[in-house]
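In this text the structure is predicted, and so the values were computed from the model without any measurement. So you know, we letter chains A, B, ... as the sequences are listed, proteins then strands, and number each from 1.
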Number of protein chains: 2
Amino acid sequence: MADKAQLQEAIKTQGEVVRKLKSEKASKEQIDEEVAKLLQLKAQLGGDEGKHVFVLKTAKGTRDYNPKQMAIREKVFNIIISCFKRHGAETIDTPVFELKETLTGKYGEDSKLIYDLKDQGGELLSLRYDLTVPFARYLAMNKITNIKRYHIAKVYRRDNPAMTRGRYREFYQCDFDIAGQYDAMIPDAECLKIVYEILNELDLGDFHIKVNDRRILDGMFAVCGVPGEKFRTICSTVDKLDKMAWEDVKKEMVNEKAPAEQNGADEAGVSVGSVAGGGRYDGLVGMFDPKGRKVPCVGVSIGIERIFSIMEQKAETSSEKVRTTETQVLVASAQKNLLEERLKLTSELWNAGIKVEVLYKKNPKLLSQLQHCEETGIPLVAILGEQELKDGVVKLRNVASREEVRLIVSQIVYNLSCILTKHFD
Amino acid sequence: MADKAQLQEAIKTQGEVVRKLKSEKASKEQIDEEVAKLLQLKAQLGGDEGKHVFVLKTAKGTRDYNPKQMAIREKVFNIIISCFKRHGAETIDTPVFELKETLTGKYGEDSKLIYDLKDQGGELLSLRYDLTVPFARYLAMNKITNIKRYHIAKVYRRDNPAMTRGRYREFYQCDFDIAGQYDAMIPDAECLKIVYEILNELDLGDFHIKVNDRRILDGMFAVCGVPGEKFRTICSTVDKLDKMAWEDVKKEMVNEKAPAEQNGADEAGVSVGSVAGGGRYDGLVGMFDPKGRKVPCVGVSIGIERIFSIMEQKAETSSEKVRTTETQVLVASAQKNLLEERLKLTSELWNAGIKVEVLYKKNPKLLSQLQHCEETGIPLVAILGEQELKDGVVKLRNVASREEVRLIVSQIVYNLSCILTKHFD
């Protein structure tokens with residue numbers, strides 16, 4: 001425990017750091033990080049000053065998805081899942097953590113990026129680093145030698161991510177893999193076709209798909225005199241040619257691979273770098289099988305976070321509003337004391353499968369009910385009134401055009417369903 | 001490191017444990033656990049005997065979902081998500097881990113069940129224990145005072161689960177919550193309506209929804225002379241009346257709450273216990289807000305794992321086969337050397353959005369192609385033949401009825417789409 005005077009001094013200093021960053025208009029990310037440190041110091045102080053002071057942030061390198069971001073995420077997932085299903089893939093799911101030893105020895109120098117769980121007694125566990133190793137474990141464990149499956153789930157890497165460019169410590173992977181022994185390279189071709197279809201349908205702009213074979217590069221290394229055991233480590237340096245200048249790559253090669261810097265900046269501004277990758281891994285399943293039986297595999301992984309970033313930016317600049325609900329009708333009232341009637345009609349429409357909202361106030365104003373529709377994009381509003389109820393009708397208003405029709409209460413489900421199918425599907 | 005002779009002895013003893021359990025026809029769960037220990041010992045031995053010996057299992061209390069289980073899970077989620085959307089809810093997502101201090105002080109004696117991450121430098125993190133605390137943190141952090149949201153995600157508890165009854169250490173929660181100050185208890189009523197709609201639509205059989213208020217119970221405690229600070233701890237014992245005999249509950253009460261045993265057996269055989277729960281939590285968001293500002297909340301959580309278990313059992317005994325893909329057409333060939341033609345047609349159909357598979361073999365037999373359709377439930381097969389290709393047609397066979405029609409190649413997308421819409425939607 002630091003003493004109180006020291007803490008107060010540290011808080012003062014940290015407060016100045018935050019003010020300085022703000023005055024310099026530093027990035028939100030940077031400011032947030034320093035504010036969090038400040039709050040943490042204040043929390044340590046305890047007593048009245050520290051009371052209720054929580055560090056209100058998500059863990060480093062992670063983020064929440066708000067409803068608008070979720071709407072975009074759902075749209076992207078729908079495109080990707082439709083494509084996987086169109087190609088006849090099944091899906092599986094595996095736990096978010098694996099036995100630590102399942103991940104050991106699979107990731108080379110990147111193993112230091114694996115999140116381990118604390119030893120609280122029992123098995124030693126780690127968070128999954130990708131979906132490929134759990135898939136191989138699943139195949140070996142269930143003795144499956146043939147499957148075409150997709151798996152969409154979050155993976156975890158203790159990296160130093162640049163979140164502004166859509167890189168996180170918790171992020172989604174969308175994997176499509178084909179396991180099995182086949183006499184032609186059709187599965188390999190299908191993986192490329194899948195990437196093409198998805199990137200095309202996401203409509204992100206031009207893209208290149210690069211096809212390579214490590215053995216060609218290995219041949220070049222051999223000719224250059226690189227010793228065999230250095231092939232893999234040199235390869236991961238060559239991979240950086242896309243992101244770093246040749247001089248820097250050369251320096252890394254010659255200086256025998258200094259600890260890898262993962263957050264090298266993307267060059268060209270407009271280019272977003274790689275959003276998918278894949279290849280063959282014919283030896284991995286055999287590493288899990290007690291008898292070393294091999295299951296040849298090929299697959300591709302879509303790196304969805306960068307795609308989300310691009311889509312979110314597009315949505316920001318687009319004039320079209322992103323809806324975060326699918327509500328079709330708001331049940332409203334024009335006068336006071338109609339709460340029960342509003343709830344009754346709402347319930348009837350819910351039971352008929354129609355997507356309906358009702359404001360929770362006892363006596364909401366008609367104007368605020370109409371405003372709610374405009375703010376959230378609800379296309380229709382059913383307006384209850386005393387006279388209309390006596391006449392056995394309900395007014396239905398089109399929020400955008402302000403057109404109104406009267407619907408007979410006893411036939412409202414049928415008529416409303418017809419209108420929705422015809423005009424709002 | 002244990003010495004080799006000791007290890008060999010331990011392996012021998014553990015081998016006997018496994019054989020004994022198998023001869024006693026112990027539960028699969030129990031046998032798997034002991035086999036895992038055996039494999040772990042063998043792995044420690046290393047050398048030739050230990051080579052390639054991996055412990056092929058998922059972490060304790062977790063499970064993989066195979067394609068059939070995923071198909072059932074998707075069906076259940078669709079019903080639940082449709083209901084949430086029908087009620088106009090938005091959705092959010094939060095990271096799988098939170099700062100440890102975000103979870104501290106929220107779960108009382110259950111805090112010991114929280115999974116902590118290992119301290120690898122940086123922030124101290126824990127896996128989320130439920131979706132409610134992250135939701136409250138999200139509201140306070142973003143200063144949101146009004147929202148109706150759902151969140152479907154996995155949560156983590158280091159419990160001693162009985163997996164055969166659908167209880168796990170990693171499991172899904174499907175939460176629907178309404179935050180905001182309202183003048184009538186409509187949000188509370190909507191939560192009950194949601195549970196009713198979902199359980200009804202899942203068609204699991206009869207169910208009871210019990211409505212309670214803790215204050216009634218508190219009044220009874222006060223009359224009985226229970227001191228105020230014991231209310232909460234006694235309450236969690238009263239909760240067990242559903243699962244334990246009165247004598248046991250009484251013993252726990254009187255002996256002042258021995259460490260809680262979470263794995264008390266469900267009584268009545270056919271009853272599956274509780275599959276949903278919820279209530280108000282008006283103080284939680286205020287715990288996160290620096291100024292203690294309260295946001296009244298009410299919500300309900302659907303415990304989906306038990307529902308999966310019931311649905312899986314139903315699927316096992318049902319005569320109807322669960323499909324794990326959505327493939328509509330298999331592109332097949334009746335003769336050899338038609339690989340390119342098969343791929344060309346497959347690609348054309350994919351581009352038109354039709355769900356198509358093609359076998360990866362160069363020259364598959366027609367019989368094995370038809371068998372694949374029958375095994376996986378593909379309803380239609382397009383059969384290419386040399387003569388048909390010359391005539392510019394493709395045979396389309398209904399796998400179940402064996403009826404065949406000829407489709408003109410140049411109009412195949414249009415005609416196939418019509419047939420699929422008419423007969424297989």
Side-chain angles (χ1 to χ4, degrees), chain A residues 52-60 62 64-67 70 85-99 101 115-118 120 122-123 125 137-138 140-141 149 154 158 170 182-184 186-187 197 288 290 292 324-327 339 343 350 353 355-357 360-362, chain B residues 52-60 62 64-67 70 85-99 101 115-118 120 122-123 125 137-138 140-141 149 154 158 170 182-184 186-187 197 288-290 292 324-327 339 350 353 355-357 360-362:
Chain A
H52 285 307
V53 178
F54 266 91
V55 181
L56 277 176
K57 71 183 286 292
T58 60
K60 188 181 174 194
T62 69
D64 295 320
Y65 282 83
N66 67 30
M70 286 299 278
K85 284 187 174 178
R86 195 160 59 235
H87 284 255
E90 305 179 297
T91 186
I92 69 161
D93 194 18
T94 63
V96 80
F97 43 66
E98 294 279 342
L99 298 189
E101 61 179 15
Y115 277 98
D116 292 327
L117 268 72
K118 191 168 149 186
Q120 296 170 289
E123 298 160 336
L125 306 173
R137 190 266 304 148
Y138 174 85
M141 185 171 142
R149 83 90 181 79
K154 287 173 177 175
R158 295 182 63 255
E170 173 185 64
Y182 298 106
D183 49 13
I186 317 175
E197 286 182 19
F288 288 103
T324 58
T325 68
E326 297 181 7
T327 311
L339 175 60
L343 292 182
W350 277 335
K355 295 168 193 158
V356 182
E357 275 182 68
Y360 295 136
K361 285 195 157 189
K362 272 183 188 163
Chain B
H52 286 307
V53 177
F54 266 93
V55 181
L56 276 176
K57 70 183 286 291
T58 62
K60 189 181 174 191
T62 69
D64 295 320
Y65 282 83
N66 66 32
M70 287 297 279
K85 286 187 174 177
R86 196 161 58 236
H87 284 256
E90 305 178 297
T91 187
I92 67 161
D93 195 17
T94 64
V96 81
F97 43 65
E98 295 277 343
L99 299 189
E101 62 178 16
Y115 277 98
D116 293 326
L117 268 71
K118 192 169 146 186
Q120 294 170 289
E123 299 161 335
L125 306 173
R137 190 265 306 148
Y138 174 85
M141 186 171 140
R149 83 88 182 79
K154 287 175 177 175
R158 295 183 62 255
E170 173 185 64
Y182 299 106
D183 49 12
I186 317 175
E197 285 182 20
F288 287 103
D289 189 274
T324 57
T325 67
E326 298 181 6
T327 311
L339 175 60
W350 277 335
K355 295 168 191 156
V356 182
E357 275 181 70
Y360 295 135
K361 284 193 159 192
K362 271 183 188 162

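- Between the CG atom in A/Asp183 and the NZ atom in B/Lys361 there is a gap of 7.0 Å [rounded to 0.5 Å].
- Among B/Thr327, B/Leu339, B/Leu125, B/Val96, the residue with the largest count of heavy-atom pairs under 4.5 Å with chain A is B/Val96.
- With a 4.5 Å cut-off on non-hydrogen atoms, B/Ala89 touches chain A through its backbone but not through its side chain.
- Rounding to the nearest 0.5 Å gives a distance of 3.5 Å between NZ of A/Lys85 and CD of B/Glu326.
- In this structure the side chain of B/Glu123 reaches within 4.5 angstrom of the side chain of A/Lys57, judged on heavy atoms.
- Top candidate by heavy-atom pairs under 4.5 Å with chain A, chosen from B/Thr91, B/Thr94, B/Leu99, B/Thr58, is B/Thr91.
- For B/Lys154, the part lying under 4.5 angstrom from a heavy atom of chain A is the side chain only.
- For A/Tyr360, the parts sitting under 4.5 Å from any heavy atom of chain B are the backbone and the side chain alike.
- For the set B/Ala140, B/Ala184, B/Pro187, the count of heavy-atom pairs under 4.5 angstrom toward chain A peaks at B/Pro187.
- B/Asp64 places none of its side-chain heavy atoms less than 4.5 Å from the side chain of A/Ile92.
- Within the 3.5 Å criterion, the main-chain N or O of B/Tyr65 finds no donor-acceptor partner in the side chain of A/Asp93.
- Nearest heavy atoms, B/Pro95 versus A/Thr62: CG-OG1, 3.3 Å.
- With sequence neighbours left out, the side-chain hydrogen bond (donor to acceptor under 3.5 Å, both in side chains) criterion links A/Glu197 to A/Arg86, A/His87, A/Lys193.
- Taking all atoms of both residues into account, the shortest heavy-atom contact from B/Tyr138 to A/Asn66 is OH-CB, 3.2 Å.
- Contacts of A/Gln120 classified as side-chain contact (heavy atoms from CB on, under 4.5 Å), with partners at least two apart in sequence or in another chain: A/Lys118, B/Tyr115, B/Asp116, B/Arg158.
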